[in-house]
*Asks:* 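Quick one: this structure, given as structure tokens, is what I'll be asking you about.
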Amino acid sequence: LLGPNGAGKTTAVKILSTLITADAGDLHVGGHDLATDPQAVRAAIGVTGQFSAVDGLITGEENMLLMADLHHLSKSEGRRVAAELLERFDLVDAAKKPASTYSGGMKRRLDLAMTLVGNPRIIFLDEPTTGLDPRSRHSMWQIIRELVRGGVTVFLTTQYLEEADELADRIA
């Protein structure tokens, strides 16, 4: 979604990600009815908000392992998934450092990696490049393209026309 006023897009993302209830309409996400089966919707999606969910007091690796625990992965599976995603997002060298020491781009990559721990097929990205320098922004674009090539549906909100033009199949 693209627009100068964040209120509409933020509400749409909150409704589709089950954070708030719609007051009308019939909505389905990933084949699941939002009103009658919100738990199935939550199991199918990942959400990376405009503001990072990264805990700066723990390391990047610990953030990943926390997400693995929240997704009820076994310790060995959690470590495997965390290591794989830290590698994929070029965060191995920083994995043992407190996330508070990460640059903005590194925090955004860690945030997105944390979202992927549950292997969602649908991801909501709310302004994932806001505040990033041009290099980090283009790096995030590449990550988003790779996710789409891998079969993930990405619902992206942005205020940048160039970003929408580069990444979107459809613009609303």
*Asks:* Within the structure provided, determine whether Ile122 and Leu16 are in side-chain contact (heavy-atom separation under 4.5 Å).
*Replies:* no

*Asks:* Given the rule that I, L, V, M, F, W and Y join up when any side-chain heavy atoms are under 4.5 Å apart, are Leu65 and Val92 in one cluster?
*Replies:* no

*Asks:* Could you report the tightest heavy-atom contact between Asp33 and Ala35, atom names first, then the distance?
*Replies:* OD1-N, 2.7 Å

*Asks:* For Ile143 and Phe89, work out which heavy atoms get closest and say how close.
*Replies:* CG2-CE2, 3.3 Å

*Asks:* Test your reading of the model: is there a side-chain donor-acceptor pair from Thr129 to the backbone of Leu132, 3.5 Å cut-off?
*Replies:* no

*Asks:* Return yes if some donor-acceptor pair links the side-chain N/O of Thr157 with the main-chain N/O of Glu127 below 3.5 Å, else return no.
*Replies:* yes

*Asks:* For atom CZ of Arg79, decide whether the heavy atoms of other residues, nucleotides or ligands shown that lie under 6.0 angstrom number more than 12.
*Replies:* no

*Asks:* Measure the OG1-CG distance between Thr18 and Asp37 for me, rounded to the nearest 0.5 Å.
*Replies:* 11.0 Å

*Asks:* How would you list all residue pairs meeting side-chain hydrogen bond (donor to acceptor under 3.5 Å, both in side chains) that involve residues 89-99, not counting sequence neighbours?
*Replies:* Glu61-Lys96

*Asks:* So how far is it from Met140 CE to Asp111 CG, rounded to the nearest 0.5 Å?
*Replies:* 8.0 Å

*Asks:* With distance as the sole test, does Arg108 use its side chain to make a donor-acceptor pair with the main-chain N or O of Pro128 at under 3.5 Å?
*Replies:* yes

*Asks:* Determine whether Thr115 and Val47 make a side-chain contact, defined as any pair of heavy atoms from C-beta on separated by less than 4.5 Å.
*Replies:* no

*Asks:* Check salt bridge (Lys or Arg N to Asp or Glu O under 4.0 Å) between Glu84 and all other residues, then give those that pass, not counting sequence neighbours.
*Replies:* Arg80

*Asks:* Would you compute the distance between atom NE2 of His32 and atom CD1 of Ile45 and round it to the nearest 0.5 angstrom?
*Replies:* 10.5 Å

*Asks:* Could you report the tightest heavy-atom contact between Gly105 and Ser136, atom names first, then the distance?
*Replies:* CA-OG, 3.8 Å

*Asks:* Honestly curious: do Leu34 and Leu19 fall in one hydrophobic cluster under the side-chain, below-4.5 Å linking rule?
*Replies:* no

*Asks:* Would you say that more than 12 heavy atoms from the other residues, nucleotides or ligands in this model lie under 6.0 Å from the CZ of Arg135, or not?
*Replies:* no

*Asks:* How close do Met106 and Ala94 get, counting heavy atoms only, and between which atoms?
*Replies:* CE-CB, 3.4 Å

*Asks:* Heavy-atom distance under 4.5 Å between the side chains of Met64 and Met67, does that happen here?
*Replies:* no

*Asks:* Please report the interatomic distance CG(Leu125) to CZ(Phe155), rounded to the nearest 0.5 Å.
*Replies:* 10.5 Å

*Asks:* Which residues pass the ring-ring contact (aromatic ring centres under 6.0 Å, His included) test with His71, sequence neighbours left out?
*Replies:* none

*Asks:* What is the minimum heavy-atom distance between Ala68 and Gly78, and which atoms define it?
*Replies:* CB-CA, 3.6 Å

*Asks:* Can you name the nearest heavy-atom pair linking Ala22 to Ile15, along with the distance?
*Replies:* CB-CG2, 3.8 Å

*Asks:* Under the side chain to side chain donor-acceptor pair (under 3.5 Å) test against Trp141, which residue among Glu163, Glu166, Glu146, Glu162 passes?
*Replies:* Glu163

*Asks:* For Arg109, is there any backbone N or O sitting under 3.5 Å from a side-chain donor or acceptor partner on Tyr102?
*Replies:* no

*Asks:* Once rounded to the nearest 0.5 Å, what's the spacing between atom OG1 of Thr59 and atom CG of Leu91?
*Replies:* 11.0 Å

*Asks:* Rounded to the nearest 0.5 Å, how far does CG of Leu112 lie from CG of Leu116?
*Replies:* 5.0 Å

